[in-house]
Amino acid sequence: MNVGIVSYGYYVPRLRVKTADIAVAWNKEKDVGEALGVKEKAVGAWDEDSCTFAVEAARMAVQCSGINSQEIGAIYVGSESKPYAVKPSATIVAEAISATPTLTAADLEFACKAGTAAMQMCMGMAESGMIKYGLAIGSDTAQAQPGDALEFTAGGGAAAVLIAKDSGGKANLIATLNDTYSFTTDTPDFWRRQHAEFPSHAGRFTGEPAYFKHVIGAVKGIFEKTGSTPKDYDYVVFHQPNGKFPTRVAKMLGFSDASVKQGLITPFIGNTYSGSSMIGLASVLDVAKPGQKILMCSYGSGSGSDAFTLTVEKGIEKPGKRPSESVLDYINRNKEYTSYVGYIRNRNKIKHLE
Amino acid sequence: MVQAISRIWRSIKQRYNLEGVHCEVCKESFFPKRTICPNCRRKGKLVDAKMPHTGKIYSYSLVYSAPAGFEYEVPYFVAIIELDNKVKIFSQVVDSEVDKVKIGAKVKAVFRRVQAGKEEDVIAYGYKFTVV
């Protein structure tokens with residue numbers, strides 16, 4: 001395809017909860033979190049939600065792009081923790097980056113892969129000439145029922161990518177999105193019905209028939225479509241429901257551990273759902289050099305995976321094109337620990353706060 | 001107390017993007033918006049202008065006894081922020097280490113919920129500041 005990424009942004013909330021503290025609260029083994037490959041997770045403050053995360057990520061992407069935000073023709077926000085059931089977050093983001101009123105905007109939901117679905121929509125619209133720039137955002141304040149196994153991994157964060165057609169280098173791409181391939185089936189491994197407060201999941205069923213089947217299906221599909229193999233990629237980024245699945249699926253597909261490491265962020269901030277693979281991609285773009293190849297594959301329960309192949313372009317080396325601080329530096333520097341009680345209070349899980 | 005929807009809606013540009021006005025005659029900026037330049041009166045020429053998103057703490061206070069709607073947030077910092085263009089605005093200061101909230105500390109604007117109300121209410125979003 002003749003489209004690519006103009007710039008990217010990310011946001012991770014400052015507060016952290018240690019998984020050992022969650023274990024203490026629920027009388028579980030202290031190393032439950034570590035067994036899942038997550039020592040601590042990022043959680044929003046009392047005045048944050050998936051929409052405020054999305055705005056921060058979008059603002060960073062727009063700032064790095066150097067474009068006039070009025071030229072953005074589409075904004076899609078992928079999330080499963082929208083602050084409103086009815087009323088788009090995308091309009092709030094559009095207003096907050098001064099992109100209104102001439103644009104199309106909508107919220108998307110596909111569990112953890114709505115952000116990459118947004119990327120595909122922007123790719124198609126940019127390639128066809130319907131829009132000049134499209135902003136695709138994945139953002140979640142990952143929800144988990146107190147005491148549930150999910151609570152050990154569910155974190156919060158967002159990432160945004162600004163997508164445009166490559167018009168002979170004029171669009172100033174930092175990476176070309178060479179191709180995409182999706183693998184989708186009806187697999188009820190994780191869900192939340194309309195008025196349910198927290199998602200439910202099918203335990204072990206979320207592994208083999210869900211995550212692994214779809215990620216492997218999408219990656220093998222894009223290998224076949226592009227005629228490439230794991231050796232052709234310098235970096236690989238997967239959806240990261242915990243710290244273990246991405247490294248396991250990488251091995252199954254024949255990728256080296258070294259190619260996974262840079263994009264593996266869940267061990268430090270938890271699973272950021274729609275933001276997960278996109279924050280991983282942001283971390284890879286923080287260090288990738290022109291000419292290097294990246295393979296990215298999301299996973300959303302329900303279920304589906306979107307795979308992308310990218311080539312890093314020279315534009316990435318231009319001053320100001322990358323955010324001023326890398327994802328890893330930011331999450332290491334900007335953090336403050338809160339207790340388990342502080343976390344459930346902030347996330348409105350204590351009922352009388354509603 | 002939750003604000004009227006019309007008031008939340010009218011404040012969107014001001015609260016999301018710090019949109020105020022700038023007088024092209026006396027070159028002074030004002031926030032929130034004014035309809036007449038207080039310096040030049042009828043001779044002034046006001047145009048919409050976004051305020052800078054960075055500045056420093058001019059003065060601050062730590063609130064323990066909050067007004068209705070903010071009870072669960074205590075203790076929280078409120079501050080007068082002097083923006084880089086010298087305009088002073090009032091705001092909460094969040095996500096900052098307690099000992100770093102000081103007069104003169106550099107701050108930047110962040111996007112947060114200002115008031116969420118109850119399940120049935122509209123959420124008011126807007127600026128707050130954080131120490132950088």
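Residue numbers begin at 1 in each chain, while the letters A, B, ... track the order of the sequences.
For the atom pair B:Asp95 CG and A:Asp47 CG, the distance stands at 7.5 Å (nearest 0.5 Å). Taking CG of A:Asn346 as the start and CD of B:Glu73 as the end, the distance is 10.0 Å to the nearest 0.5 Å. Interatomic distance, B:Tyr76 OH to A:Trp46 CH2, rounded to the nearest 0.5 Å: 8.0 Å.
With a 4.5 angstrom heavy-atom cutoff, A:Glu56 touches chain B only via side-chain atoms. Proximity to chain B (any heavy atom under 4.5 Å) is shown, for A:Ile92, by both the backbone and the side chain. For A:Ala45, the part lying near chain B is the side chain, with the backbone staying farther off; criterion is any non-hydrogen pair under 4.5 Å.
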* Start with the C-alpha gap between B:Glu19 and A:Ser98, add the side-chain angles, then the distance that decides, and say whether side-chain contact (heavy atoms from CB on, under 4.5 Å) holds. => CA-CA 11 Å; B:Glu19 195 172 296; A:Ser98 302; over 6 Å; no

* Dump the intermediate steps for side-chain contact (heavy atoms from CB on, under 4.5 Å) on B:Tyr125 and A:Val55, then the final yes or no. => CA-CA 11 Å; B:Tyr125 291 96; A:Val55 167; over 6 Å; no

* **Full working for side-chain contact (heavy atoms from CB on, under 4.5 Å) between B:Val110 and A:Arg59** => CA-CA 10 Å; B:Val110 292; A:Arg59 281 182 171 168; over 6 Å; no

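Listed here is the closest heavy atom pair of B:Tyr16 and A:Ala96: CD2-N, 3.8 Å.
For B:Lys56, the NZ atom is loosely surrounded, since the number of other residues' heavy atoms within 6.0 Å does not exceed 12. Within 6.0 Å of the CH2 atom in A:Trp191, the count of heavy atoms belonging to other residues, nucleotides or ligands exceeds 12. When the shell of 6.0 Å around CD of A:Gln63 is examined, it contains 12 or fewer heavy atoms from other residues, nucleotides or ligands.
The candidate from A:Ile97, A:Asn334, A:Thr100, A:Asp49 with the greatest count of non-hydrogen atom pairs under 4.5 Å with chain B is A:Asp49.
Taking a cutoff of 4.0 Å between a charged side-chain nitrogen and a carboxylate oxygen, A:Arg14 and B:Glu97 qualify as a salt bridge.
Looking at A:Arg345, its side chain does come within 3.5 Å of a backbone N or O of B:Tyr72 through a donor-acceptor pair.
Residues of residues 76-86 of chain A having a heavy atom under 4.5 Å from any heavy atom of chain B, listed by number: A:Pro83, A:Tyr84.
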